[in-house]
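To start, the structure under review is shown below, and the notes come after it.
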There are 2 protein chains.
Amino acid sequence: MNVEKALEKLKEEGFKYTDKRMDMLQLFSDESRYLAAKDVLEALKDKYSGLSFDTIYRNLSLFSDLGILETTELAGEKKFRFSCSTDHHHHHLICLECGKTKHIHQCPMDSSSMTTEGFKVVGHKFEIYGYCDKCEAQTF
Amino acid sequence: MNVEKALEKLKEEGFKYTDKRMDMLQLFSDESRYLAAKDVLEALKDKYSGLSFDTIYRNLSLFSDLGILETTELAGEKKFRFSCSTDHHHHHLICLECGKTKHIHQCPMDSSSMTTEGFKVVGHKFEIYGYCDKCEAQTF
DNA sequence: GTTGCTGCAAAACATTTGCATGCAC
DNA sequence: GTGCATGCAAATGTTTTGCAGCAAC
């Protein structure tokens, strides 16, 4: 995903371009890591003094619905990042400090010995948590 | 984990036996599935008319700290269940409707091809979500 | 009697919604 | 001008905390 594709998607679906939306998309493009709503507010509050959580939440929600952002939940907080790619299923190793990620291309669901009898499976979550070298160095 | 072992653990650590704690432990023993704080309140409110979330949350938190309960977070809610066993690392397949679980004995972290360079790994989560046969039948 | 346990009330925190105004198209 | 977008304020839902009284030991 990138800003151009995201804007296309917005237009396709009949949503409008606004400065705030563009800046939010640019932020996710620049950062390329998981961000919480408060991170987005923090990043944009200087430019938009009146910017409120309402708008951020509404747009985060819209972007996820459109497949522009992917989400996860960490420590009770919803976090968002640019969708990595729409065509390849993958998982993430996530830095608990800064949200930086690393792809994991293996999916445990591919294992032939995975048994799910008695359940109708609708999804799964596989994430590895840790600290990236940078955050690890700063913290300790 | 079972009620007896949980009570031992409580006594070991100098915590007291109270009716509410015993009933909470018995509930987790009987149910053997993930429950949210509100589920616990729902189950015990008839017996204890004045029972409040404070007590439930405090005890849930205490039980987790002592390793009596294991936790997960689903749709922004913390959920708790009796620890399955302390000696065998495993994951769960979870019913999104009722919290019922099925063990998954495979752990993707065991894979030798898992690459985590650039990160200090501190944990991981692997869960499969779905609907158990019972809930599936009732819903559709 | 000491110490932990509980209820009450209030607060904290992330998130959502109603409504009136404002802006993109 | 129409309809989506935004800000404000208020509400929601879950979880936490201070404090005073109560119960387990």
Side-chain angles (χ1 to χ4, degrees), chain A residues 6-27 34-66 68-69 71-81 96 99, chain B residues 6-27 34-66 68-69 71-81 96 99:
Chain A
L7 291 176
E8 261 174 51
K9 196 102 189 167
L10 274 183
K11 175 157 271 178
E12 264 173 35
E13 304 282 338
F15 294 102
K16 295 175 179 168
Y17 292 174
T18 66
D19 289 349
K20 282 157 199 171
R21 278 183 183 166
M22 309 239 257
D23 280 341
M24 283 181 66
L25 292 171
Q26 190 60 52
L27 175 68
Y34 277 111
L35 300 173
K38 61 168 181 258
D39 300 323
V40 176
L41 182 71
E42 186 62 29
L44 300 183
K45 71 167 189 223
D46 288 341
K47 182 159 178 189
Y48 302 103
S49 63
L51 186 61
S52 56
F53 274 116
D54 324 75
T55 302
I56 291 172
Y57 279 115
R58 272 189 277 235
N59 285 332
L60 288 175
S61 172
L62 173 66
F63 293 160
S64 321
D65 289 348
L66 295 180
I68 294 169
L69 298 181
T71 73
T72 193
E73 219 169 306
L74 244 63
E77 249 186 358
K78 284 178 185 149
K79 299 225 169 197
F80 303 80
R81 60 161 295 138
L96 295 172
Chain B
L7 290 174
E8 261 175 50
K9 195 104 190 165
L10 274 182
K11 174 156 268 176
E12 265 174 34
E13 304 282 338
F15 294 102
K16 296 175 176 167
Y17 292 175
T18 67
D19 289 348
K20 281 157 200 172
R21 277 182 184 167
M22 310 238 257
D23 279 342
M24 282 181 67
L25 291 171
Q26 191 59 53
L27 175 67
Y34 278 111
L35 300 173
K38 61 167 179 258
D39 300 323
V40 177
L41 182 70
E42 187 61 29
L44 301 183
K45 72 167 188 221
D46 287 342
K47 182 161 179 188
Y48 303 102
S49 63
L51 185 61
S52 55
F53 275 117
D54 324 73
T55 303
I56 290 172
Y57 278 115
R58 273 188 277 235
N59 286 331
L60 289 175
S61 172
L62 173 67
F63 295 158
S64 321
D65 288 348
L66 295 180
I68 294 170
L69 298 181
T71 72
T72 192
E73 219 169 306
L74 244 63
E77 248 185 357
K78 285 177 185 148
K79 299 224 167 197
F80 303 81
R81 59 162 295 140
L96 294 172

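Throughout, protein chains are lettered first and strands after them, A, B, ... in sequence-line order, and every chain is numbered starting at 1. What's counted below: heavy atoms across the whole structure, side chains too, no hydrogens, waters or symmetry copies.
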Task: Among D:dT17, C:dT15, D:dT15, the one nearest B:Ala37 by side-chain distance - done: D:dT15

Open item on the list: From CG of A:Leu44 over to C1' of D:dG7, roughly how many Å is that when rounded to an integer?
Closed with: 16 Å

Task: Separation of D:dT6 C1' from A:Asn59 CG (nearest whole Å) - done: 9 Å

Task: Closest approach of A:Leu66 to A:Lys9 (non-hydrogen atoms, all atoms of both residues) - done: O-CE, 3.1 Å

Open item on the list: Could you report the tightest heavy-atom contact between B:Leu10 and B:Lys16, atom names first, then the distance?
Closed with: CD1-O, 4.3 Å

TODO: Verify side-chain contact (heavy atoms from CB on, under 4.5 Å) between A:Leu62 and A:Arg21, making sure each step is shown before the conclusion.
DONE: CA-CA 10 Å; A:Leu62 173 66; A:Arg21 278 183 183 166; 3.5 Å; yes

- [ ] With the side chain of A:Leu51 defined as its heavy atoms from C-beta on, choose the nearest nucleotide among D:dT16, D:dG7, C:dA14.
- [x] D:dG7

Task: Flag side-chain contact, heavy atom, 4.5 Å: A:Lys45 against A:Leu51 - done: no

- [ ] Round to the nearest Å and state the distance from B:Leu7 atom CG to D:dC25 atom C1'.
- [x] 15 Å

Task: Between D:dA5 (P) and A:Leu66 (CG): distance, integer Å - done: 10 Å

- [ ] Measure the distance from CD1 on A:Ile56 to C1' on D:dT6 and round it to the nearest whole Å.
- [x] 12 Å

- [ ] Write down the distance between CD (A:Glu77) and P (C:dT16), rounded to a whole number of angstrom.
- [x] 13 Å

Open item on the list: Using whole Å, what does the distance between atom P of nucleotide D:dT12 and atom OH of A:Tyr57 come to?
Closed with: 18 Å

Open item on the list: Under 4.0 Å from OP1 or OP2 of C:dA14: is there any side-chain N or O of A:Lys79 that close?
Closed with: no

Open item on the list: I want to check something: taking the side chain as every heavy atom from C-beta on, are B:Thr71 and B:Phe80 in contact at a cut-off of under 4.5 Å?
Closed with: yes

Open item on the list: Among residues 9-23 of chain A, which ones have heavy-atom contacts with DNA chain C below 4.0 Å?
Closed with: A:Lys16, A:Tyr17

Open item on the list: OP1 or OP2 of D:dT16 versus the side-chain N and O atoms of B:Lys78: is any pair under 4.0 Å?
Closed with: yes

Task: Distance-minimising heavy-atom pair for B:Glu8 and B:Tyr17 - done: N-OH, 4.1 Å

Open item on the list: Given C:dT16, D:dG7, C:dA9, identify the nucleotide with an atom nearest to the side chain of B:Asp54.
Closed with: C:dA9

TODO: Look at the side chain of A:Ser52 and decide which nucleotide, out of D:dG7, C:dT15, C:dT6, has an atom nearest to it.
DONE: D:dG7

- [ ] Using the side chain to side chain donor-acceptor pair (under 3.5 Å) rule, take B:Tyr48 and B:Asp23 through it: C-alpha gap first, then chi angles, then the decisive distance, then the call.
- [x] CA-CA 10 Å; B:Tyr48 303 102; B:Asp23 279 342; 2.5 Å; yes

TODO: Would you mind reading off the distance between B:Asp65 atom CG and C:dG4 atom C1', rounded to a whole angstrom?
DONE: 15 Å

Task: Proximal nucleotide (of C:dT17, C:dG7, C:dA14) relative to the B:Arg58 side chain - done: C:dG7

